[in-house]
Amino acid sequence: MSKGVTPQSKDYAAWYTDVIIKAGLADYGPVKGTMVIKPYGYALWENIKGALDAMLKATGHVNAYFPLFIPKSFFASEAEHVKGFAKECAVVTHHRLRATADGKDLEVDPDSKLEEEVIVRPTSETVIWSMYKKWIQSYRDLPLLINQWANVVRWEMRTRLFLRTTEFLWQEGHTAHETADEAEQETLKILEIYRQLAEDYLAMPVLTGLKTESEKFAGADKTYSIEAMMGDKRALQAGTSHNLGQNFAKAFDVTFQDRNNQKKYVYATSWGVSTRLVGAVVMAHGDDKGLRIPPKIAPVQIVVIPIVRSEEDQVKIKEYVDIFLGDLIDQGVRIEVDWSNNSPGFKFNEWEMKGVPIRLEVGMRDMSDEEVILVRRDNGEKQAVQVKELRNIIPKMLAEIQSSLLQQAKDFQHANTNSVDNYGDFKKIISNNGGYIRCGWDGTPETEDAIKNETKATIRCIPFDSDPSGLTCIYSGKEAQHEVVFSKAY
RNA sequence: CGGGGUGUGGCGCAGUCCGGUUAGCGCACCUGCUUUGGGAGCAGGGGGUCGGAGGUUCAAAUCCUCUCACCCCGACCA
């Protein structure tokens, strides 16, 4: 394995893959488009998951688990939302293998053909709403606020680690409500939770807003999203929250008796974030040395590198390290000591690749001064610190790194967001610099489509803080219906 | 699905045009000693049916036929 990674400036896509492999986040699986999430990557996902799960529970949501397999008939019956997924569904047609004639291999047993084929879920609306029909009778059963953590399968043609794989992990929330207003409130509440997760934990500023008709989820009335800017200035949709209106209630005939004893269709929402967030963290913060993981979600917050010259040194340093280590662990700091036989330089590079926020070096020199050396991954700053100060300094430093990463990402986003009022500048910025462009849009899919074809940029969202007054459409020159954000996207 | 490419120890490759020693190199791995404040050194060692099948030949990683797999680029998506 060669040292280092492809520089971002040379080939951003290669950099991304290199970092993920070399930092030990993931590896390729044996089936095309699949990936193995390795322990370090899974620990990162677990930290993200833990933070979000707590927020969802704090807002009254409960977890449940629905089956992986969906009867094909569920898909036939209900057309609109399936359109988006039909082309990428894995289908189970048989349930048994048998030995081949020569006994050397296995083949599908034709006698095990299923009466009704089974779909591997690409998303769970259909199974869940088939159950909701049984569970919901009265307004007293509402709201129903269920979330599930699960894997889903979408047979994608072109895949990339974490960003788009055949199978991925996510959470999908599915709620049912009495009124349209309640459903809208829920949709927005979840979007706000996603925004907080992104900014407070992933240190990743996001754009929040409404998706256009052409970009929204097929089964939804409205789709909101959080959009994050990656290191190559392209946008990544990092989470979506859908107001499904009564679409699914009607498709699955889910009704309830309301407070006036009237039979009504329920209102629904669904929302999700996936392991794609891991890819987002990689691209939002990573540099040419590797990952930079925000402390709050870092599997390892501090790595201790002992500088050892002899076996006697090792014993002494181990004693020395144990003194302050226990103290920090008691404070909940996640620490790992690298006692491996690799050289210090090797360890420095390796743990920088893994994005650990703080490196703590201890050698005999430091020991005699009752110090250790701290090095921050976010900015490379190095300082000697008295051991007795560690318990105070470490939490502070972790918090500083967390906010410094957020600030760097914010500055980057601001520096690469432009407001533009003519199409010439628009095209120039998209092709030369990239990033976000705020401008007027006449609200027609034709304009959206034309711009996409000419520049590859798409409308990421209609931001909540947008204001079309006085603006004209960047493309048609007509009066703007919305101020929108365009960008090239993943 | 259209175009381009690659299959040789775990990874990255050379060798293929022009068939001919025992299939080689770097990294990784194992053992030992010396090392350790920015990717350590030396010595020794293990690991390959050259993607698969068939053919030509005294002889095939190398030539021919078929086949499989994967990667990259163009129309979709969290």
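Lettering follows sequence order; numbering is per chain, from 1. As the structure is a computational prediction, the values presented were derived from the model and not from experiment. All heavy atoms count here, side chains included; hydrogens, waters and symmetry mates do not.
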Open item on the list: Roughly how many Å apart are B:G3 and B:A40, using the P atom of each and rounding to a whole number?
Closed with: 48 Å
- [ ] Looking at every strand, decide which applies to A:Leu163 at a 4.0 Å heavy-atom threshold: base, sugar-phosphate, or nothing.
- [x] base
Open item on the list: Counting only side-chain heavy atoms from C-beta out, which of B:G39, B:A75, B:A78 sits nearest to A:Asn349?
Closed with: B:G39
- [ ] Compare all side-chain heavy atoms of A:Phe348 with those of A:Val303 and state whether any distance is below 4.5 angstrom.
- [x] no
Open item on the list: Using a strict threshold of under 4.0 Å (side-chain N to carboxylate O), is an ion pair present between A:Glu352 and A:Arg359?
Closed with: yes
Task: is_close_aromatic(A:Tyr132, A:Phe248), centroid dist under 6.0 Å - done: no
Open item on the list: Taking salt bridge (Lys or Arg N to Asp or Glu O under 4.0 Å) as the cut-off, I'd like each qualifying pair that reaches into residues 285-312 of chain A, sequence neighbours left out, listed once.
Closed with: A:Asp287-A:Arg377
Detail all sub-3.5 Å separations between protein N/O atoms and N/O atoms belonging to nucleotides 42-46 of chain B.
none

Task: Side-chain H-bond candidate by donor/acceptor type, A:Glu186 with A:His61, under 3.5 Å - done: yes
Open item on the list: Looking at A:Glu192 and A:Arg195, is any side-chain nitrogen of the basic one under 4.0 Å from a carboxylate oxygen of the acidic one?
Closed with: yes
Task: Between B:A78 (P) and A:Met283 (CE): distance, integer Å - done: 15 Å
Open item on the list: In whole Å, measure the gap between the P atoms of B:G44 and B:U22 for me.
Closed with: 24 Å
Open item on the list: Is a donor from one side chain sitting under 3.5 angstrom from an acceptor on the other, for A:Glu184 and A:Tyr267?
Closed with: no
- [ ] Determine the interatomic distance between C1' on B:G7 and the same-named atom on B:U16; round to the nearest Å.
- [x] 13 Å
Task: Protein-nucleotide distance (A:Trp351, atom CH2; B:G38, atom C1'), rounded to Å - done: 17 Å
TODO: Treat a base pair as Watson-Crick or G-U wobble with both distances under 3.5 Å, then lay out RNA chain B in dot-bracket form, 5' to 3', with | for cross-strand pairs.
DONE: ((((((((.[[[[.)....(...]]]].((((((.....)))))).....[[[[[..)....]]]]])))))))....
Task: Spacing of the C1' atoms in B:U6 and B:G51 (rounded, Å) - done: 11 Å
For residues 365-374 of chain A, which side-chain donor-acceptor pairs fall under 3.5 Å, sequence neighbours excluded?
residue, atom, partner, partner atom, Å
A:Asp366, OD2, A:Gly363, N, 2.7
A:Ser368, OG, A:Met364, O, 3.4
A:Ser368, OG, A:Arg365, O, 2.8

- [ ] Say whether A:Ser124 and A:Glu172, considering side chains only, have a donor N or O and an acceptor N or O under 3.5 Å apart.
- [x] yes
Short N/O separations, protein against nucleotides 32-37 of chain B, under 3.5 angstrom:
residue, atom, partner, partner atom, Å
B:U35, O4, A:Asn341, OD1, 3.3
B:U36, N1, A:Val308, O, 3.3
B:G37, N7, A:Arg365, NH1, 3.4
B:G37, O6, A:Arg365, N, 3.2
B:G37, O6, A:Asp366, OD2, 3.2
B:G37, N1, A:Asp366, OD1, 3.4
B:G37, N1, A:Asp366, OD2, 2.4
B:G37, N2, A:Glu361, OE1, 3.0
B:G37, N2, A:Asp366, OD2, 3.4

TODO: Mind running ring pair (Phe, Tyr, Trp, His ring centres under 6.0 Å) on A:His242 and A:Phe217 for me, showing each step along the way?
DONE: CA-CA 7 Å; A:His242 313 289; A:Phe217 175 50; 4.6 Å; yes
- [ ] Verify whether one side chain among A:Thr123 and A:Arg121 offers a donor that lies under 3.5 Å from an acceptor in the other.
- [x] no
- [ ] Classify the side chain of A:Glu352 versus the base of B:G38 as yes if they form a donor-acceptor pair under 3.5 Å and no if they do not.
- [x] yes
TODO: Considering only atom C1', compute the distance from B:U34 to B:G10 and round it to an integer number of Å.
DONE: 28 Å
TODO: Quick one: label A:Arg359 by what it contacts on the DNA or RNA (base, sugar-phosphate, nothing), any heavy atom closer than 4.0 Å.
DONE: base
- [ ] Using the C1' atoms only, state how far B:A60 lies from B:C42, rounded to an integer number of Å.
- [x] 40 Å
Open item on the list: Using the P atom as the point on both nucleotides, what is the distance between B:G48 and B:G9, in whole Å?
Closed with: 11 Å
Task: Close side-chain approach of A:Glu227 and A:Leu236, heavy atoms under 4.5 Å - done: no
Open item on the list: Using a heavy-atom cut-off of 4.0 Å across all strands, would you classify A:Tyr490 as base, sugar-phosphate, or nothing?
Closed with: nothing
Task: Check: A:Arg154 side chain, B:C77 base, donor-acceptor under 3.5 Å - done: no
N/O contacts under 3.5 Å, protein versus nucleotides 70-73 of chain B?
residue, atom, partner, partner atom, Å
B:C71, OP2, A:Lys32, NZ, 3.2
B:C73, OP2, A:Arg158, NH1, 2.9
B:C73, OP2, A:Arg158, NH2, 2.8

TODO: For ring pair (Phe, Tyr, Trp, His ring centres under 6.0 Å), just list the numbers for A:Phe162 and A:Tyr16, CA-CA rounded to whole Å, side-chain angles, deciding distance to a tenth of an Å, and then say yes or no.
DONE: CA-CA 10 Å; A:Phe162 288 110; A:Tyr16 176 77; 7.7 Å; no
Task: Donor-acceptor pair between A:Asn243 and A:Asp221 side chains, under 3.5 angstrom - done: no
Open item on the list: If we count only N and O atoms by modelled type, under 3.5 Å, do the side chains of A:Glu448 and A:Ser214 hold a donor and an acceptor together?
Closed with: yes
Task: Value in whole Å for how far the P atom of B:C27 lies from NZ of A:Lys22 - done: 15 Å
Task: Spacing of the P atoms in B:A61 and B:U67 (rounded, Å) - done: 23 Å
